[in-house]
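Let me begin by presenting the structure, written as C-alpha cells, before commenting on it.
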Amino acid sequence: MKKYIKSLIAGVLIGTGFLSTSCNSELELTPEDYFSAYSFWGSRTEFEGFISAVSNQFRENYPANILFYAGELRAGTLELTTIDGSGILNSDYIQNIYSESKCQFDTFGKYYGFIGNLNELIYRCDNTTILTDEVKNGLLAIAYG
C-alpha cells in the first residue's frame, strides 16, 4: 500500500511540475508562410500576384455565357419558335421569367466576390507607399478597366 501511495505522490508532483512550467519563448513563433491583411501587401510582387489571382478568378468563375444569358437572351432579339415545334433551350431567359422561386442568377451572377476583390486592390493601391506611381497606375487601370 505504501508503494502505491509513494507512486501516486510522485505522479502528482511530476504532473504539477509539468503544469507549472511552460515554454512560452519556444511557442511564440510565426510561420514563415503566414499571410494576413497586414503581412501580405508588402511588395510589388504580392500586388501583381493578387491581380493575377483576380484575373484567374474572373476567367474561371465568370464564363462568357453568363453575359450571354444576362444580356443577349433577354434583349428581345431571339424568338421562341422552332422549325420542328420542339421546346427551345433557355426559354425562361428569353421570356424574362423571374420570380422568388425561379431566380435566373443567384447572388447577381457571383459578381460580388469579384467586385470585392477589386475594391480591396484599389484600396491597397491608394494606401501604399511601396509602389511607384507608374506601377500603381497600371494596377489601378487593370482594376478599373
Side-chain angles (χ1 to χ4, degrees), residues 6-145:
K6 286 182 181 179
S7 298
L8 181 64
I9 290 173
V12 168
L13 290 174
I14 291 173
T16 305
F18 280 128
L19 293 175
S20 64
T21 61
S22 65
C23 51
N24 286 338
S25 61
E26 288 84 9
L27 294 177
E28 294 178 4
L29 299 175
T30 57
E32 294 178 10
D33 60 349
Y34 178 73
F35 290 114
S36 73
Y38 301 106
S39 66
F40 180 74
W41 303 97
S43 69
R44 174 182 173 176
T45 306
E46 290 172 346
F47 277 88
E48 291 172 347
F50 186 80
I51 199 73
S52 295
V54 169
S55 299
N56 287 336
Q57 177 190 15
F58 182 74
R59 282 191 296 272
E60 290 176 6
N61 296 332
Y62 310 103
N65 63 358
I66 191 127
L67 299 175
F68 179 70
Y69 290 139
E72 188 68 29
L73 286 178
R74 298 176 60 219
T77 58
L78 301 174
E79 298 181 8
L80 288 173
T81 57
T82 59
I83 295 173
D84 61 357
S86 63
I88 189 164
L89 183 65
N90 301 320
S91 64
D92 292 346
Y93 294 102
I94 295 171
Q95 296 176 41
N96 284 321
I97 297 175
Y98 293 96
S99 66
E100 291 176 8
S101 62
K102 189 165 183 86
C103 60
Q104 301 295 340
F105 306 103
D106 59 340
T107 65
F108 290 95
K110 300 181 182 176
Y111 279 102
Y112 277 138
F114 181 67
I115 292 169
N117 286 337
L118 290 176
N119 285 337
E120 176 77 16
L121 178 69
I122 292 167
Y123 173 79
R124 295 294 177 177
C125 281
D126 287 341
N127 296 310
T128 188
T129 58
I130 61 170
L131 298 175
T132 63
D133 286 338
E134 182 179 340
V135 172
K136 189 184 299 186
N137 290 338
L139 292 172
L140 289 174
I142 294 171
Y144 283 118

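None of these values were measured; they are calculated from a predicted model.
Atom-to-atom distance recorded for E48:CD and T45:OG1 is 6.0 Å, nearest 0.5 angstrom. Rounded to the nearest 0.5 Å, atoms CD (E120) and CZ (F50) are 6.0 Å apart. Note that CD1 of I122 and CG of N117 are 11.0 Å apart. Values are rounded to the nearest 0.5 Å.
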For residues 128-145, which side-chain N or O atoms pair as donor and acceptor with protein atoms under 3.5 Å away, sequence neighbours left out?
from : atom 1 : to   : atom 2 : distance (Å)
T128 : OG1    : I130 : N      : 3.3
T132 : OG1    : V135 : N      : 3.3
K136 : NZ     : T128 : O      : 3.3
N137 : ND2    : D133 : O      : 3.1

